[in-house]
Asker: 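First the structure, then my questions, so here it is.
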There are 2 protein chains.
Amino acid sequence: MVAMHMVEQDSAPPDEAARHASARTARASALAQDYVEIIADLLAREGEARPTDIARRLGVTHATAIKTIGRLKRDGLAHSKPYRGVFLTEAGHELAQRVRARHLTVVAFLAAIGVPPQVAEADAEGIEHHVSDATLAAFERFLANA
Amino acid sequence: MVAMHMVEQDSAPPDEAARHASARTARASALAQDYVEIIADLLAREGEARPTDIARRLGVTHATAIKTIGRLKRDGLAHSKPYRGVFLTEAGHELAQRVRARHLTVVAFLAAIGVPPQVAEADAEGIEHHVSDATLAAFERFLANA
DNA sequence: AGCATTATGTAGTCCGGGCTACATTTCACG
DNA sequence: CGTGAAATGTAGCCCGGACTACATAATGCT
Ligand SMILES: [Mn+2]
Ligand SMILES: [Mn+2]
Ligand SMILES: [Mn+2]
Ligand SMILES: [Mn+2]
């Protein structure tokens, strides 16, 4: 048994566990975020968001997209009628806007510190889902002072 | 003044699909990375890596940890004998070192741009898995010139 | 209008990654 | 030593997120 002298060095397990739990939660909501972002973009640019187009942009089959859209509907983020294209609920639209803003900020930030554009786009697609408000704010400060 | 590149405004679907596919791949390997990182740390600090300790640090049940360790073994990253604690293969050890280095860099970088330490630790736990070599290099350059 | 093509939807499968419940083994200690 | 607590392992369930294969609806073209 070691006397407990060193206070801070030990990385208390509960904290670490909480961090990993956070990361798991973020991972779980990442897909929904990408979907609403894409749906919002399709609605804005094309006027409609068809499952096939959503699927193509994600690089998955239409069956996968349709099933996921079903979960979005279940979770109150989207709605649609058979064969008629997908729309966002108010909640879905708000989420999409937040997600889009974060996406743009992350990409811009990475580019600003010298990451090649292509890579910035690619990395951002994953990183964005793990950027907290505090970190996003830091990114924005950096961009402002650049 | 920024050079106006005006390259692809259109975000060609195949590229976007590839980016999402990349993010999916990264997401899929994230868990294994966290495991080997924790196992390496336990081995270094305690001399042994027990499933229960691994589970506690991740905030999951021991049953979950044991099943995941089974996948690590299947994938040639770890090995263990019944009731005896977990060890890393050469491949596992190498992965752990890369992962640890990246983790430290990401945390240091976030802290350097003004993210509060606690938040930096939390966000890094997810972000680290989506940081490519090019982005990691950019982080290191930033830290060097800071 | 009729038919071929495309889009949409459904069913069924697979694996990852979480859980609970229970069985078994190890180990500390009285 | 023995034995009870702790660790380990197993079984079985659940849901997410991917796929293929097939069925059905919508659409566009001749
Ligand atoms: Mn994304
Ligand atoms: Mn995005
Ligand atoms: Mn991590
Ligand atoms: Mn880590």
Side-chain angles (χ1 to χ4, degrees), chain A residues 1 13 17-36 38-39 42 46-87 125-126 129, chain B residues 13 17-39 42 46-87 125-126 129:
Chain A
M1 276 128 177
R19 289 196 295 271
H20 282 287
S22 265
R24 281 195 296 274
T25 298
R27 202 167 57 211
S29 33
L31 197 63
Q33 294 179 5
D34 286 336
Y35 268 77
V36 296
I38 287 174
I39 292 168
L42 285 171
E46 317 285 345
E48 65 176 344
R50 297 147 77 218
T52 298
D53 293 329
I54 298 169
R56 182 174 42 248
R57 292 196 36 177
L58 283 162
V60 298
T61 66
H62 81 275
T64 296
I66 287 175
K67 222 199 270 186
T68 304
I69 290 163
R71 286 193 291 272
L72 295 183
K73 296 206 267 183
R74 182 201 61 189
D75 297 343
L77 295 172
H79 57 91
S80 71
K81 285 184 296 194
Y83 296 94
R84 233 68 260 211
V86 184
F87 299 92
E125 205 51 77
H129 308 287
Chain B
R19 289 195 296 269
H20 283 288
S22 264
R24 281 195 297 274
T25 298
R27 203 167 56 211
S29 32
L31 197 62
Q33 294 179 6
D34 286 337
Y35 268 77
V36 297
E37 185 181 2
I38 287 174
I39 291 168
L42 285 171
E46 317 285 345
E48 65 175 345
R50 296 148 78 220
T52 298
D53 293 329
I54 298 168
R56 182 174 45 246
R57 293 195 38 177
L58 284 161
V60 298
T61 66
H62 80 276
T64 295
I66 286 174
K67 221 200 268 189
T68 305
I69 290 164
R71 285 194 292 272
L72 296 184
K73 296 206 268 183
R74 182 200 61 189
D75 297 343
L77 295 172
H79 58 92
S80 71
K81 285 183 298 192
Y83 296 94
R84 231 72 254 207
V86 184
F87 299 91
E125 205 53 76
H129 308 287

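Predicted, not measured: the structure shown is a model, and the values here were computed from it. All heavy atoms count here, side chains included; hydrogens, waters and symmetry mates do not.
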Asker: What pairs of nitrogen or oxygen atoms, one from the protein and one from nucleotides 13-16 of chain D, lie under 3.5 Å apart?
Answerer:
from   : atom 1 : to      : atom 2 : distance (Å)
D:dG16 : OP1    : A:Arg74 : NH1    : 3.1
D:dG16 : OP1    : A:Arg74 : NH2    : 3.1

Asker: If I take atom CD in residue A:Glu48 and atom P in nucleotide C:dT6, what distance separates them, rounded to the nearest angstrom?
Answerer: 17 Å
Asker: Could you tell me whether the phosphate oxygens of D:dG17, OP1 or OP2, come under 4.0 Å of any side-chain nitrogen or oxygen in A:Thr68?
Answerer: no
Asker: Polar atoms only, N or O, under 3.5 Å: list the protein pairs with nucleotides 1-6 of chain D and their distances.
Answerer:
none

Asker: Any idea which of C:dC19, D:dG9, D:dC19 is nearest the A:Val60 side chain?
Answerer: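 Looking only at heavy atoms from C-beta outward on A:Val60, the closest nucleotide is D:dC19.
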Asker: So, taking the atom named CZ in B:Arg57 and the one named CD in B:Glu37, what distance separates them when rounded to the nearest 0.5 Å?
Answerer: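 It is 8.0 Å, given to the nearest 0.5 Å.
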Asker: Return the value, rounded to whole Å, for the distance between atom CZ of B:Arg24 and atom P of D:dG17.
Answerer: 11 Å
Asker: Any luck finding a side-chain donor-acceptor pair between A:Arg19 and A:Ser22 under 3.5 Å?
Answerer: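 No, A:Ser22 and A:Arg19 have no side-chain donor paired with an acceptor closer than 3.5 Å.
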Asker: What distance separates B:Thr68 OG1 from B:Leu58 CG, expressed to the nearest 0.5 Å?
Answerer: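 One gets 8.0 Å once the value is rounded to the nearest 0.5 Å.
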Asker: Atom NZ of A:Lys81 and atom P of C:dT8: how far apart are they, to the nearest Å?
Answerer: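 From A:Lys81 NZ to C:dT8 P: 16 Å.
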Asker: In this structure, how many angstroms lie between the C1' atom of C:dT8 and the NZ atom of A:Lys73, rounded?
Answerer: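 A:Lys73 atom NZ is separated from C:dT8 atom C1' by 11 Å.
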Asker: OP1 or OP2 of D:dA7 versus the side-chain N and O atoms of B:Arg56: is any pair under 4.0 Å?
Answerer: no
Asker: Test B:Ile38 against A:His20 for side chain to side chain contact (heavy atoms under 4.5 Å, CB included), laying out the working first.
Answerer: CA-CA 11 Å; B:Ile38 287 174; A:His20 282 287; 3.8 Å; yes
Asker: Measure CD1/B:Ile69 against P/D:dG9 and give the value in whole Å, please.
Answerer: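 Taking atom P of D:dG9 as the reference, CD1 of B:Ile69 is at 8 Å.
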Asker: Please identify each residue that fulfils side-chain contact (heavy atoms from CB on, under 4.5 Å) with A:Ala30, with sequence neighbours left out.
Answerer: A:His129, B:Arg27
Asker: Which residues satisfy the side chain to side chain donor-acceptor pair (under 3.5 Å) test with A:Lys73, sequence neighbours excluded?
Answerer: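 Partners of A:Lys73 under the side chain to side chain donor-acceptor pair (under 3.5 Å) test: A:Ser80.
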Asker: So which protein nitrogen or oxygen atoms get under 3.5 Å of nucleotides 22-26 of chain D's nitrogens or oxygens?
Answerer:
from   : atom 1 : to      : atom 2 : distance (Å)
D:dA25 : O4'    : A:Tyr83 : OH     : 3.0

Asker: On DNA chain C, nearest-nucleotide positions of B:Thr64 versus A:Ile66: which is more 5'?
Answerer: A:Ile66
Asker: Strictly by side chain to side chain donor-acceptor pair (under 3.5 Å), give each pair with a member in residues 46-55 of chain A just once, sequence neighbours left out.
Answerer: A:Arg50-A:Asp53, A:Asp53-A:Arg56
Asker: Within the pair A:Thr52 and C:dT8, is there a side-chain N or O less than 4.0 Å away from OP1 or OP2?
Answerer: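 Result: yes.
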